[in-house]
Amino acid sequence: MAKRELGKAFEPADAEKRLYDYWLKNHFFHAQDESEAEAFSIVIPPPNVTGMLHMGHALNNTLQDIIIRFKRMQGYNTLWMPGMDHAGIATQNVVEQQLMKEGISRHDLGREKFIARVWEWKEKYGGVIINQLKRLGCSCDWERERFTMDEGLSHAVREVFVRLYNEGMIYQGDYIVNWCPRCHTAISDLEVEFKQDQSFLWNIRYPFADGEGEIVVATTRPETMLGDTAVAVHPDDKRYKDKIGKYVILPLMNKKIPIIADEYVTMDFGSGAVKITPASDPNDFAMAQRHNLEIIIVIDGKGFINEKGGVYKGQDRYEARKNVIADLEKGNYMVGTEPYAHNVGQCYRCKTDIEPMVSKQWFVKIKPLAKQAIAAVVKDKTKIIPKTWEATYFDWMNNIRDWCISRQLWWGHRIPVWYCDGCGKIIVATVDPDKCPECGGVSLRQDEDVLDTWFSSALWPFSTLGWPDQTKALKTFYPTSLLITGFDILFFWVARMMMMGIYVMKDVPFQHVYLHALVRDEKGEKMSKSKGNSIDPLLMIDQYGTDAFRFTLSAYTAQGRDVRLSPERIEGYKFFVNKIWNASKLTFANLEDFDESAPVSVPDSLPDKWIKTKLNKAIEDITLGLNEYRFNDASAAVYRFIWHELCDWYLELSKPAFYGKASPEEKQAAQRTLREVYEIMLQLLHPFMPFLSEELWQTLKGSDEHSIMVSKFPVVKTQWEDKAAESEMEMIMEVITSIRNIRGEMRIAPSQKLKVLISAADELNKQTIEKNNSYIINLANLESLTVEMNMIEPKGVATAVTGATKIFVPLAGAVDISGEKTRLEKELGKVSKDLEQCSKKLANRDFCAKAAPEIIQKEQEKLKDFQKKFNTLEGALKKLKGLSV
RNA sequence: AGGCAAGUAGCUCAGGGGGAGAGCGCCAUCCUGACGCGGUGGAUGUCCAGGGUUCAAAUCCCUGCUUGCCUACCA
């Protein structure tokens, strides 16, 4: 076998680049459109084209890559579909800011040239994140990379829009929407963030139109009164019952407005009367519809008072507020103010206060779509994991409101609707019409608006696979197997994909949805640029290597829990990488002269049998963990096996076979096991640490002819199950640990070799220990080990008990009586507590009558063990006390 | 205001009806031939509180407290 050498330490920076290029060159990430193998597919949550990799992306994509690599190794025809989102508002903002530096606005450029500029920007600066995903090791099928604005996806968008329109699922109407005065566009309900604002409640007097008196209304937005068209009270409110139908004078505007009755009004809030501004408040708008009230828009799209606002025309909304208040005071209309905390909606993009505004927008009728999307989850066609999110999903879906899909932007999919100047016909088509089908006129104007970015993302699971064409890829990979995403876009994205997938494809877009938590800092706070607590994933990769970083994310992804990240943790797993590297150095040294073709001449040693059962357990745990998306459990199984079983025990136990006086045949057998176990260990590690495992794999194989990423994922080998060997080895390990314990507790120098005596309980016990005495001698560092049955406890020893075995460690030189006494008393204390608890249980009549037989038996065995241990320790202690008297 | 989740070692968290676990940190000790990014040993817990179910509760149920998040938004 070729000589293999590893450097002093793993060099992530070098290996990562080299191996990723190697994978790409060999097209290992590429999925087949058609294959004998069963398909497994995931679509990436497309990052914004303007995006930079943050911790959320890092977590999300690491988890996807772990599953994808796992499934690929299991032999599935595995597709991870990558791509990006055009991110309407964000991208337009970026390019507008660029223009601003040049002193021009998008309006100076005009629509067409502006869009050209955006594309230019995209080609030059967009998609930085794609390269960042590559640094994470993501094994996406880059040959299929898509963009929501590319030709195929745009085609899909038009197709779906037209279909929805023709089926009466899309309508246009004047409705109150959330308007961002800075972005100059409507945004959906989901895109509004509420923030608490310490403000005031202003109480304003509205005098009755006829005769004496007044009605007092309270408001948080006095400036909107300019557009008031009614005052509402509760129909059952005795105070106002006789006023309903009468009129009040709207101060400052000097206008008569009616008093109406509506159950929406809360009687015990403020005066029980509320001013109604249909154009500036969603609830007021709804009431206006119920009562046929006039709708007067007084605030324009930039947040300024328009000509309907009288003398306040031209003032921005905050300035107008001040002036309105001043004028109300001047006119003695102000009754008073009180401090008031309330929530103000803000644009999620630019944090500008939302201005609810009435305008013409396009909507999707969502209820019928939601109904089916709910049913799919109820029927388990799509499983949401962890299940607790199902309730949230159902709740939102049940209370869903129509989706406003038009945006007053330029960057995006322009709405495929044309208006004929000649006859006023509305044309909705997938291809640009050149004349009106009604009147033949050629003067057609396309709708100015574009679609919400999420409209195209909602089609992602099938549009990326080529729909509306019936491609082979679509047939093979839809419905996709799994979606992994953060719970924060459950509504934005997951729910909408569900609705669109079912509507268009007549089938759910994915079988499983795994929702992971958010990444927070070590204090549990959300990472954000403004707080300055965000950790840059790329910096972590530079510092600790991708493998350590990925492993950390996986290890801390417990279902339903936030990931609290700190650099120290990543460093800890860098140590793990180092440990694996060093174990590999030892392994390669041990395997240097291994002849694979030599016949097997001796049976496996006890450690060989033991490590194989442990490896089986690891395979089982890791496979189960990944199948159930319990990333923390799977990672813990990897860590435990490699560090605590392979390194701590097996590599140490097998050292004598390599360095000691073992026969060539015994060495050969040890090499065979080591070689096999090591190889499987690398494969188990691969999904989590792709680079390290590949590097070691190729070193082991002596070439890059085969990649670990397309090797077969290990399965449990039933011929390795060996319960007897497992418990035998563990008994020996316990003896070793007990001796080490005495060493530590009694402060016996590690360099001092000990002559240990063991009193075996029976012949079998004696034979087992004698057969395996070399392991004990080596690992406990003994000079000699004497085993006898029913040995009388010698003087001047420290005593330990494990199961049926008594261990006596002679104390060198002056016997440290008080030290041993303390140690024994401590042990005795522990055992007597166990003993008491156990015997109490067995003395309980109800326990014996009702508990399961195997539980009772177990308790009885425990009692025996405790009793034996207690007796031995107590005897030792008595003897010691006798000595000290 | 409703909903969800969580409260377990100093910290971060697993576990989930029958002997309290891990990692990190801490203490002691060790240049044993892969690794000090290491080895070996050790200490540490009213499993949030109160009630209930059960032979048996950290685990299941109820109540409360605390924390986090989500949804809705009332002038």
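So that the names make sense, note that chain A is the first sequence line, chain B the second, and so on, each numbered from 1. These numbers come from the heavy atoms of this one structure, side chains and all, not from hydrogens, waters or symmetry mates.
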Any protein N or O atoms within reach of nucleotides 52-57 of chain B? Criterion: under 3.5 Å, listing atom names and distances.
unit_1 : atom_1 : unit_2  : atom_2 : d
C55(B) : OP1    : K850(A) : NZ     : 2.6
C55(B) : O2'    : N844(A) : ND2    : 3.1

Result block: side-chain N/O donor-acceptor pairs under 3.5 angstrom for residues 546-554 of chain A, not counting sequence neighbours:
unit_1  : atom_1 : unit_2  : atom_2 : d
T546(A) : OG1    : E16(A)  : OE1    : 3.0
T546(A) : OG1    : E16(A)  : OE2    : 3.4
T546(A) : OG1    : R135(A) : O      : 2.9
D547(A) : OD1    : F691(A) : N      : 3.1
D547(A) : OD2    : L692(A) : N      : 2.9
R550(A) : NE     : F688(A) : O      : 3.2
R550(A) : NH1    : D65(A)  : OD2    : 2.7
R550(A) : NH1    : L136(A) : O      : 2.9
R550(A) : NH2    : D65(A)  : OD2    : 3.0
R550(A) : NH2    : P687(A) : O      : 2.7
T552(A) : OG1    : A548(A) : O      : 2.6
S554(A) : OG     : S635(A) : OG     : 2.6

### Summary
Contacts satisfying salt bridge (charged side-chain N to carboxylate O under 4.0 Å, His left out) that involve residues 268-284 of chain A (not counting sequence neighbours) are D228(A)-K275(A)
Please list, for nucleotides 3-8 of chain B, all pairs of protein and nucleotide N/O atoms separated by less than 3.5 Å.
unit_1 : atom_1 : unit_2  : atom_2 : d
C4(B)  : O2'    : T388(A) : OG1    : 3.4
A6(B)  : O3'    : R561(A) : NH2    : 3.2

#### Entry: Sequence-distant partners of Y348(A), side chain to side chain donor-acceptor pair (under 3.5 Å), two or more places apart
E191(A)
Identify every side-chain donor-acceptor pair in residues 639-648 of chain A under 3.5 Å, counting partners at least two apart or on other chains, and give the distances.
unit_1  : atom_1 : unit_2  : atom_2 : d
R640(A) : NH2    : D621(A) : OD2    : 3.4
H644(A) : ND1    : D648(A) : OD2    : 2.9

## Note on the structure
Those residues at least two apart in sequence (or on a different chain) that pass side chain to side chain contact (heavy atoms under 4.5 Å, CB included) with P750(A) are none
### Message
Test of understanding: with side chain to side chain donor-acceptor pair (under 3.5 Å), list the residues that count as partners of Q837(A), not counting sequence neighbours.
### Response
none
### Query
For N632(A), what residues pass the side chain to side chain contact (heavy atoms under 4.5 Å, CB included) criterion, not counting sequence neighbours?
A558(A), R630(A)
Polar atom pairs between nucleotides 20-23 of chain B and protein, under 3.5 Å, N or O only, would you list them?
unit_1 : atom_1 : unit_2  : atom_2 : d
G23(B) : OP1    : H644(A) : NE2    : 3.1

#### Entry: Any residue meeting salt bridge (Lys or Arg N to Asp or Glu O under 4.0 Å) with D834(A), in chain and number order, not counting sequence neighbours
none
### Query
Could you run down nucleotides 35-40 of chain B 5' to 3' and tag each one B, S or - for protein heavy-atom contact under 4.0 Å?
B-BSSS
